[in-house]
S.K.: 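A single structure is presented below for examination.
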Amino acid sequence: MRLKSGGYSVKSKVIISGSVIEVYEYENSVYKGYKSNGGRDKVADDESKEKNRKDTLRRARQNLRRTVNANVWAYGERCLPKFLTLTFGDNVTDLDVAHYEFLKFIKRLNYLVFGTKVANLRYTAVPEFQKRGAVHYHVVLYNLPFVESKVIEEVWGNGFIKINKIDDVDNVGAYVCKYMVKELDDRLRGRKCYFNSRGLFKPIVIEDEKKVENIKNSLPGEKRTVFTVYENDYTGITIYKQYNLNKSN
DNA sequence: CGGAGCGGACTGAGCATACC
DNA sequence: GGTATGCTCAGTCCGCTCCG
């Protein structure tokens, strides 16, 4: 349905992130492509701020999950995805210092593996504060060929590392999200709570009514992992279903 | 010399935020 | 659920240093 503002309305939506397929069905049509006066022109009060932060964190987690699922296992048999945990030996608590070291590490590892300064390494990283206050990183490497963990530890050079291949996790995105800070930490206020390399695959969003219908009809019921109904101020009663084609029965 | 790695300048993608 | 805004930071290019 076209709207006079040039926008259109959507009743249902499908988002495909790798093997994970999400289906949204809205009670109220959702308008897209219209002009709104969103944006910022004043500072929110404390109560709104709290709400905004929770919103931000929820969305960040959602985007993180989708991005990871859209990229994991997307780079062929020879570059299977790996989990990497980077820990600082020294008690590095400053995010700027940590990020700086992290970026240098990515550059070195990229150079070692691909023999070029062009950034080929594809990754997603989530910083986390440990109990002792030190920063450490959970990284998903999407296209790293086999490298001995001893070598990676040398390249890191800031402490110890742990690397695992990812094989028996159905929903890697959800798994990584667990590492993302639960409550938005003050130390991460206004900062990125995860970051990606450029050039990653993006989740595919389908809004065309016929295509959505076709997909809905072809989804195998036994692969459904989530079914929830919730109410939202803007979409009304919303039905959410999630399928994972990797789900083992 | 040449490989490895750092860092500065520039640029644009995308994250956090605010509001509908 | 959506969009708009602001701005940080990741990628690129490339020159420099260090060190064998």
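Worth knowing before you read on, the calculation uses all heavy atoms, side chains too, and leaves out hydrogens, waters and symmetry mates. In what follows, every chain begins at residue 1, and chains take the letters A, B, ... in the order their sequences are listed.
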S.K.: Report which part of the nucleic acid A/Glu27 touches: base, sugar-phosphate, or nothing (heavy-atom distance under 4.0 Å, all strands).
M.R.: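 Nothing, no heavy atom under 4.0 Å.
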S.K.: B/dA18 phosphate, OP1 or OP2: any side-chain N/O from A/Asn52 under 4.0 angstrom?
M.R.: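 Checking A/Asn52 against B/dA18: at least one side-chain N or O falls below 4.0 Å of OP1 or OP2.
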S.K.: For each nucleotide in nucleotides 15-20 of chain C, reading 5' to 3', give B when a protein heavy atom comes within less than 4.0 Å of its base, S when such contact involves only the sugar-phosphate, and - otherwise.
M.R.: B-----
S.K.: If you pin A/Arg108 and A/Lys192 to their nearest nucleotides in DNA chain B, which one's is more 5'?
M.R.: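 Comparing both residues, the 5'-ward one is A/Arg108.
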S.K.: Is there a donor on the side chain of A/Tyr194 or the base of B/dC15 sitting less than 3.5 Å from an acceptor on the other?
M.R.: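 There is none.
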S.K.: Any side-chain N or O of A/Arg53 under 4.0 Å from OP1/OP2 of B/dA18?
M.R.: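 So the side chain of A/Arg53 is outside the cut-off, no N or O lying under 4.0 Å from OP1 or OP2 of B/dA18.
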S.K.: A/Phe88 versus A/Val97: any side-chain heavy-atom pair under 4.5 Å?
M.R.: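 They are not in side-chain contact.
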S.K.: Rounded to whole Å, how long is the line connecting atom CG of A/Asn232 with atom P of C/dG2?
M.R.: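 For the pair A/Asn232 CG and C/dG2 P, the rounded distance is 10 Å.
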S.K.: Expressed in angstrom and rounded to an integer, what is the separation of A/Asp96 atom CG from C/dC9 atom P?
M.R.: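 The distance from CG of A/Asp96 to P of C/dC9 comes to 7 Å, rounded to the nearest Å.
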S.K.: A/Phe102 near the nucleic acid: base, sugar-phosphate alone, or nothing, with a heavy-atom cut-off under 4.0 Å?
M.R.: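 The residue A/Phe102 makes no contact with any strand.
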S.K.: What's the OH-C1' distance between A/Tyr123 and C/dG11, to the nearest Å?
M.R.: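 Checked: the OH to C1' distance equals 9 Å.
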S.K.: A/Lys54 NZ to B/dC15 C1': how many Å, rounded?
M.R.: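 Atom-to-atom, A/Lys54 to B/dC15, this comes out as 21 Å.
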S.K.: Is any side-chain heavy atom of A/Val229 closer than 4.5 Å to a side-chain heavy atom of A/Thr238?
M.R.: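 Side chain of A/Val229 against side chain of A/Thr238, heavy atoms only: no contact under 4.5 Å found.
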S.K.: Specify the separation, in whole Å, of atom CD of A/Glu25 and atom P of C/dG1.
M.R.: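 In whole Å, C/dG1 P and A/Glu25 CD are 14 Å from each other.
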S.K.: Given that A/Thr235 and A/Asn120 both sit by DNA chain C, which one's nearest nucleotide is further toward the 5' end?
M.R.: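 It is A/Thr235 whose nearest nucleotide is closer to the 5' end.
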S.K.: B/dA16 P sits how many Å from A/Lys51 NZ, rounded?
M.R.: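 Result: 17 Å.
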S.K.: If you compare every side-chain N and O of A/Tyr31 against the phosphate oxygens of C/dG1 (OP1, OP2), does one of them come in below 4.0 Å?
M.R.: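 Indeed not, no polar side-chain atom of A/Tyr31 lies that close.
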S.K.: For the residue pair A/His138 and A/His136, does the interplanar ring angle fall in the parallel (under 30°), tilted (30 to 60°) or perpendicular (over 60°) class?
M.R.: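 Perpendicular: the ring planes of A/His138 and A/His136 meet at over 60°.
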S.K.: Is there aromatic stacking of A/Phe195 on B/dC15 here, judged by a ring-centre distance under 5.5 Å and a plane angle under 30°?
M.R.: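 Here the ring of A/Phe195 and the base of B/dC15 are not stacked, as the 5.5 Å and 30° limits are not both satisfied.
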S.K.: Rounded to whole Å, how long is the line connecting atom CG of A/Leu188 with atom P of C/dT8?
M.R.: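 That distance rounds to 16 Å.
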S.K.: Using the rule side-chain contact (heavy atoms from CB on, under 4.5 Å), only one of A/Tyr75, A/Trp73, A/Tyr123 pairs with A/Pro81; which is it?
M.R.: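 That would be A/Trp73.
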S.K.: Looking for any heavy atom pair under 4.0 Å, which part of the strands does A/Leu103 touch: base, sugar-phosphate only, or nothing?
M.R.: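 The answer is sugar-phosphate, as A/Leu103 gets under 4.0 Å only of primed atoms, P, OP1 or OP2.
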S.K.: Heavy atom of residues 196-207 of chain A under 4.0 Å from DNA chain C: which residues?
M.R.: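 Heavy-atom contacts with DNA chain C come from A/Asn196, A/Ser197, A/Arg198.
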S.K.: Can A/Glu154 and A/Arg108 be counted as an ion pair, charged N to O under 4.0 angstrom?
M.R.: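 A salt bridge is absent here (no side-chain N lies under 4.0 Å from a carboxylate O).
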S.K.: Examine C/dG2: is either OP1 or OP2 under 4.0 Å from a nitrogen or oxygen in the side chain of A/Lys32? Give yes or no.
M.R.: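 Looking at the OP1 and OP2 atoms of C/dG2, one of them is under 4.0 Å from a side-chain N or O of A/Lys32.
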S.K.: What's A/Lys107 touching, base or sugar-phosphate or nothing? Going by heavy atoms closer than 4.0 Å.
M.R.: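 Contact class for A/Lys107: base.
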S.K.: Hydrogens and angles aside, do A/Tyr8 and A/Glu207 bring a side-chain donor and acceptor to less than 3.5 Å of each other?
M.R.: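 Yes.
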S.K.: Any side-chain N or O of A/Arg191 under 4.0 Å from OP1/OP2 of C/dC7?
M.R.: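 For A/Arg191, the contact criterion (side-chain N or O under 4.0 Å from OP1 or OP2 of C/dC7) is not met.
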S.K.: Are the aromatic ring centres of A/Tyr137 and A/Tyr194 under 6.0 angstrom apart?
M.R.: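 A/Tyr137 vs A/Tyr194: aromatic centres not under 6.0 Å.
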S.K.: Quick one: are A/Phe83 and A/Val172 in side-chain contact, heavy atoms under 4.5 Å?
M.R.: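 Yes, close enough: below the 4.5 Å cut-off.
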S.K.: Of the candidate nucleotides B/dA18, B/dG5, B/dC6, which contains the atom at the shortest distance from the side chain of A/Lys49?
M.R.: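 The answer is B/dA18, which lies nearest to the side chain.
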S.K.: Can you tell me how far P of B/dC15 sits from CZ of A/Arg65, to the nearest Å?
M.R.: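 Distance, rounded to whole Å: 15 Å.
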S.K.: Please compare A/Tyr26 and A/His99 by the position of their nearest nucleotide in DNA chain C and report the one closer to 5'.
M.R.: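 By nearest-heavy-atom nucleotide position, the 5'-most residue is A/Tyr26.
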S.K.: Does the side chain of A/Lys13 reach to within under 4.5 Å of the side chain of A/Tyr26, using non-hydrogen atoms?
M.R.: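 Yes; the side chains approach each other to less than 4.5 Å.
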S.K.: Does a side-chain N or O of A/Lys13 approach OP1 or OP2 of C/dG2 to a distance below 4.0 Å, or not?
M.R.: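 Yes, within the criterion.
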S.K.: Closer than 4.0 Å, any side-chain N/O of A/Tyr111 to the OP1 or OP2 of B/dA4?
M.R.: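 So the side chain of A/Tyr111 is within the cut-off, an N or O lying under 4.0 Å from OP1 or OP2 of B/dA4.
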S.K.: Yes or no on side-chain hydrogen bond (donor to acceptor under 3.5 Å, both in side chains) for A/Asn120 and A/Asn143, after CA distance, side-chain angles and deciding distance?
M.R.: CA-CA 8 Å; A/Asn120 285 330; A/Asn143 66 342; over 6 Å; no
S.K.: Before you tell me yes or no, could you show the steps for A/Arg53 and A/Glu50 under salt bridge (Lys or Arg N to Asp or Glu O under 4.0 Å), namely the whole-Å CA-CA distance, both residues' side-chain angles and the distance that decides it to 0.1 Å?
M.R.: CA-CA 5 Å; A/Arg53 285 177 76 190; A/Glu50 274 314 298; 3.5 Å; yes
